Protein chains: 2
Amino acid sequence: MPLGERQGDEKNDAKYCGVETDFSDDMPQLLSLNIHGGFDFVVAPLMDPAYRPSLLESSNGGSGVLPFAGSDLVLSPSQWSSHVVGKISSWLDLDSEDEMLRRDSEIALKQEIAWASHLSLQACLLPAPKGVTCANYARCVNQILQNLSNMQLWLRIPLEKSDDDDGNRSPNSMGEEHRDSWEMWNSFRTLGEHHSQLSVALDVLCSLPSANSLARWFGEPVRAAIMNSNTFLTNARGFPCLSKRHQNLLTGFFNHSIQIVISGQQMQNLPTETSGSNHNSNNPSEGVDGMQRHPLRSYLDYIAYLYQRMDPLPEQERFELGYRDYLQSPLQPLMDNLEAQTYETFEKDTIKYIQYQRAVAKALVDRVPDENASTITTVLMVVGAGRGPLVRASLQAAEETGRKLRVYAVEKNPNAIVTLHSLLKIEGWEKIVTIVSSDMRCWDAPEKADILVSELLGSFGDNELSPECLDGAQRFLKEDGISIPSSYTSFFQPVTASKLYNDIKSHKDLVHFETAYVVKLHRIARLTSPQPVFTFNHPEHSTTKSNHRYKQLRFEIPTDTGSALVHGFAGYFDAVLYKDVHLGIEPSTATPNMFSWFPIFFPLRTPIIAQPGVPLEVHIWRCCGTSKVWYEWCVTSPSSSPIHNCNGRSYWVGL
Amino acid sequence: MPLGERQGDEKNDAKYCGVETDFSDDMPQLLSLNIHGGFDFVVAPLMDPAYRPSLLESSNGGSGVLPFAGSDLVLSPSQWSSHVVGKISSWLDLDSEDEMLRRDSEIALKQEIAWASHLSLQACLLPAPKGVTCANYARCVNQILQNLSNMQLWLRIPLEKSDDDDGNRSPNSMGEEHRDSWEMWNSFRTLGEHHSQLSVALDVLCSLPSANSLARWFGEPVRAAIMNSNTFLTNARGFPCLSKRHQNLLTGFFNHSIQIVISGQQMQNLPTETSGSNHNSNNPSEGVDGMQRHPLRSYLDYIAYLYQRMDPLPEQERFELGYRDYLQSPLQPLMDNLEAQTYETFEKDTIKYIQYQRAVAKALVDRVPDENASTITTVLMVVGAGRGPLVRASLQAAEETGRKLRVYAVEKNPNAIVTLHSLLKIEGWEKIVTIVSSDMRCWDAPEKADILVSELLGSFGDNELSPECLDGAQRFLKEDGISIPSSYTSFFQPVTASKLYNDIKSHKDLVHFETAYVVKLHRIARLTSPQPVFTFNHPEHSTTKSNHRYKQLRFEIPTDTGSALVHGFAGYFDAVLYKDVHLGIEPSTATPNMFSWFPIFFPLRTPIIAQPGVPLEVHIWRCCGTSKVWYEWCVTSPSSSPIHNCNGRSYWVGL
């Protein structure tokens, strides 16, 4: 039964917990024992571990009955597929020096997967690669994956990283004894071209690598974490528990839909429980049907306790669950007109408009001293007024500060103009607010503004062409006028994001690899701190200044991370609305509870391995043509990538 | 006028020599001076070097007349395109820290290329990248290349490699001061996705890198080599000459269609010539029309002397000129029947049949002692007899050794059978030779053979399925019988081959990147010695032996090479026909004057940078299915590539 229920966790696979079992030729009993013992599924060997294809050939002359764990009929199809993960024989060694063992391994692997496929299992657990090289194993799995219907293959990988890996090792030490297991995984999946049905089952060991090293895995397709009973500690009452670091790791797994599989033997000297468990489990201590309590039950209970102990998901997180790692094309607000639903959503972002109101209030007070508050009327223009939220925020700021305001609401979308007119009537703002149905870049203003207020920012700041729009609007801002926002900066951060990479790859074209996407990033690993990219200031009085930009960034992967794969770059922005009032999504300074912007993601056509000690050098350009603006980006260290999106061939924003 | 004429060099661009000039606004005079001075073309600046876009903007307010070297009308279109290579302003620095200089450079670059394009020039010479990074330069050139008709862009690259680059440097020292100029080139062209219109003009300097380092460039798209006059030495008589190493390098350039461009000032104290030149030039020492002798004329004469001094191309090389670097799909001799023309060509390969005759003769003598020569008849079967050349060689061997022979000529191609019958009649071999129209794999032989002779080898040895065919034929070979060939081994060698890579890339699909090609390799760099891959022995008496093969190879790039790009692997074979009689194309042991096989080329989907000190690890499989045989291959160090040709999806040989 599930580990627990948490609001928003309805679709979270992590609430199901499995158990790794030994081979049994009585599958029904094996299953019943473990399901009744409280587990949701078993990871069970499909084939007698004594079997070797070459021995069989010579013994029975190829009569052909393979020693599988029972026929397909011993369980119902739904039992097979819901409750059994096939465990591929652990003796397999496809990269052995011994050619006979290699051949046997290859034959057995293909037979076992074919059998699992016949049973419609959802997944099989592949044994961990044994040697320093895994090329033949990867080749064989890759061949199998080409013709595999829906089954997932979980490659077992020990969660370990040697500590002497301090980033100073030279590349030729690769393949030596103390290998980072991530590198084995990376080689394996690269050989298999990042096949989407190949994923990872992490073997969690007693000692854990550093937090940075662990974090890499959250950008990888990890489906399961195998917790051996000997990883557990014993609490004062003699019951299993986990170290604080293991507990945190498990919370990470739960939050990333990674299923736990308990493995190994019952601890020696575990107290025989007679009433209830040691944790707040509400399961009876005896199995149903008076069966023997499962020997690993107290481990399961502890896992369930950790699951149930988690804080509930905040409302905003629950609301955004469906958007996690879902790629969206950025808006083209200049070329397209927004729809009512879009306005509706964004207008609900209270915190954003509170920040605007604070900024306008400060600007008004700076502009008009208290003594002139009743005599001077400030001209404020909202450029891109939409359905009026900034008009409202500005009027509230005026009221709050006791300043007099004359407002122009400039909007190019004729549909929004309709709403604005009706808003004016309802609110009685007709005397204060003038509605202008025009593109700000060509409006001929009747007077100049003291304050220009806009919300034209995209996830990457300038990516919805705020600079070009405000350059156009600046004509009617007084020489000493104020723009709100007064500046904004974009940020770039290298990330591991295998899920996003595979989604982009599935389109099988270049265009999708050269497009930036708006996406609620979740299954990713942030490999360094973000760095600032482009800054735009408004008003901009320099005459030679263009909106073309070029930035070279140099990221350093922390030494204790180990190597990691960079699938692309997360982009953010931070905007200074006015003086100390800012707004943004750059993680370290993000405005809390604001939901208008997800990050943006710039993919790499070929993921690049980043290593500690080797700078990751990235170049990004903002290019301006006569009818469009676009970004180009590339990597030049550790090695050069192609320049992405040359001439905006794949992705651009229309002017 | 051309440097000279050499048989086979009709299409060799290297016979044309150019000269680099200063800016002149009198193009007709500039051209006339240099053409009459003996040069075939000029590399001339197109724009006044004093021009800066930002200065022009502010001075003339953008009136728009750019200071080009004369209008398009001052020369005829054919003069422009045949005799002028545009030299892009050398002040350009697109990666300067100075933003204004960067912008000026970008604008000027685009203007000059647009002008060159307007003039239909064949090529422009781009100045060498100036900084440690070249990303912005590459981005700008890449943008230009997307819309460039046919013009080549020659990127100027100094031919230098620092000596402290001993292969032990760590990757993070990249981008430091003493950079290998090849790495700059590699970064530049990788950023531009190996565009086929981007090529190299090497600046040859006084001191040359090691031979290995120089050799890398012969796999790169080098179009020109610029020889500055200060690179020349002075001979005893005071005339310019070159060091032995420079002379060898120039011969390499000539042989790879790389044009020489002479540059710089006339040497001080060069003797004023009054009669003839110092070398065997037959040009008069005075220019025609009584014009002044060209100041660089003695350099040109020396280059011409080197050109003319080269050995003539051997006949076989001349014959194969048209096949150089031309990719051919390997034959499918099992699935398809060869055509008469193909038989005709291969039968002319005398040396091959001489080797077969030697091998058969040795086998006959070993098999039948002299004393039994007249009594014992050896049964010899030619499997895959084609139109009979091996039958002839075998009969000649019998005659030569005085042994008696009974021959079966087994052939599956019914068209060849026709020729065989007619051959028997013409030669009067009816009593000795029996023709069998059958596939050797299913022929029911009336008796067993002493000797089995076949020529089923492809460029990679087993790639035309000799192992499978001979496994089938082995049934009718006596237990102690002899197979000729008795074994064969394939070889693999990493190469730089940008021309082949671009030809494959032009198909824009995966299939062509996962196919092995037969190709006369010419514009390539062989980066290490070849290593053996698969060996097959015949007869093969082991029962468990399959024809599946797996080999892991580890190549070491010589330390003095520097880094190099691996576009794929050249494949060869060597076959032991019998005892010490071999046949093969592995370069170090190749059979001289044999032309039946060109090498084979296994491409990489993404070229890989190989560095000294970092092993290049390659894996290759020979996989056998029920109806086909195929290879898969991959690289696992320095980083992993995808496995190529999984399941033989792109390239296979039908059984």
Side-chain angles (χ1 to χ4, degrees), chain A residues 54 57-58 95 99-100 102-103 106 133-136 138-139 142-147 167-172 174-175 186-194 544 546 548 550 552 606 608-609 611 613-615 617-619 621 623 632-643 646-647 649, chain B residues 54 57-58 95 99-100 102-103 106 133-136 138-140 142-147 168-172 174-175 183 186-194 544 546 548 550 552 606 608-609 611 613-615 617-619 621 623 632 634-643 646-647 649:
Chain A
S54 56
E57 271 171 40
S58 47
D95 289 278
E99 193 180 333
M100 183 67 85
R102 225 164 56 213
R103 267 180 66 192
E106 182 165 343
T133 172
C134 61
N136 195 47
R139 194 260 320 165
N142 193 39
Q143 285 186 342
I144 291 168
L145 281 166
Q146 307 307 309
N147 299 306
N168 288 325
R169 48 179 213 154
S170 62
N172 60 352
M174 272 184 184
N186 187 51
S187 175
F188 200 101
R189 64 93 173 270
T190 306
L191 290 166
E193 295 186 63
H194 307 255
T544 60
S546 91
H548 176 98
Y550 168 44
Q552 177 175 353
T606 304
I608 282 188
I609 299 177
Q611 284 180 290
V614 185
E617 268 179 25
V618 183
H619 304 254
W621 293 265
C623 304
E632 300 189 17
W633 61 99
C634 71
V635 171
T636 54
S637 167
S639 60
S640 293
S641 73
I643 292 168
C646 176
N647 285 330
R649 65 183 164 200
Chain B
S54 56
E57 269 171 42
S58 48
D95 289 279
E99 193 179 333
M100 182 66 86
R102 226 164 57 213
R103 267 180 65 192
E106 182 165 342
T133 172
C134 62
N136 194 48
R139 193 259 321 165
C140 195
N142 193 37
Q143 285 186 341
I144 291 168
L145 282 167
Q146 307 306 309
N147 298 307
N168 289 325
R169 48 177 214 156
S170 62
N172 60 352
M174 272 184 183
E183 293 190 354
N186 187 51
S187 177
F188 201 101
R189 62 94 173 270
T190 306
L191 289 165
E193 295 186 65
H194 308 254
T544 60
S546 91
H548 177 98
Y550 168 44
Q552 178 175 353
T606 305
I608 282 188
I609 299 177
Q611 284 180 292
V614 185
E617 268 178 27
V618 183
H619 304 254
W621 293 265
C623 302
E632 301 189 15
C634 71
V635 172
T636 54
S637 167
S639 61
S640 292
S641 73
I643 292 168
C646 177
N647 285 330
R649 63 182 164 200

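As a basis for the values below, the full set of heavy atoms in this structure was taken, side chains included, without hydrogen atoms, waters or symmetry mates. The structure presented is a predicted model; accordingly, all values stated were derived computationally and were not measured. Below, read A as the first sequence line, B as the second, and so on, with proteins coming before strands; counting in each chain starts at 1.
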Sort [X] into side chain, backbone, both or neither according to what part of it lies under 4.5 angstrom from a heavy atom of chain A.
| X | answer |
| --- | --- |
| B:Gln143 | both |
| B:Asn186 | neither |
| B:Arg189 | neither |
| B:Cys623 | side chain |

Quiz item: side-chain hydrogen bond (donor to acceptor under 3.5 Å, both in side chains) with A:Asn136: which residues, sequence neighbours excluded?
Solution: A:Arg139, B:Trp621

Exercise. Please say which of B:Thr190, B:Leu191, B:Asn142 ends up in a side chain to side chain contact (heavy atoms under 4.5 Å, CB included) with A:Cys634.
Key: B:Leu191

Self-check item: Shortest non-hydrogen contact from A:Ala135 toward B:Ile643
Solution: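 Shortest heavy-atom separation between A:Ala135 and B:Ile643 comes out as O-CD1, 4.3 Å.
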
Self-check item: By side chain to side chain contact (heavy atoms under 4.5 Å, CB included) - contacts of B:Glu193 (at least two apart)
Solution: A:Arg605, A:Pro642, A:Arg649

Quiz item: Highest number of heavy-atom pairs under 4.5 Å with chain A: which of B:Met100, B:Gln552, B:His194, B:His619?
Solution: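 Between B:Met100, B:Gln552, B:His194, B:His619, the count favours B:His619.
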
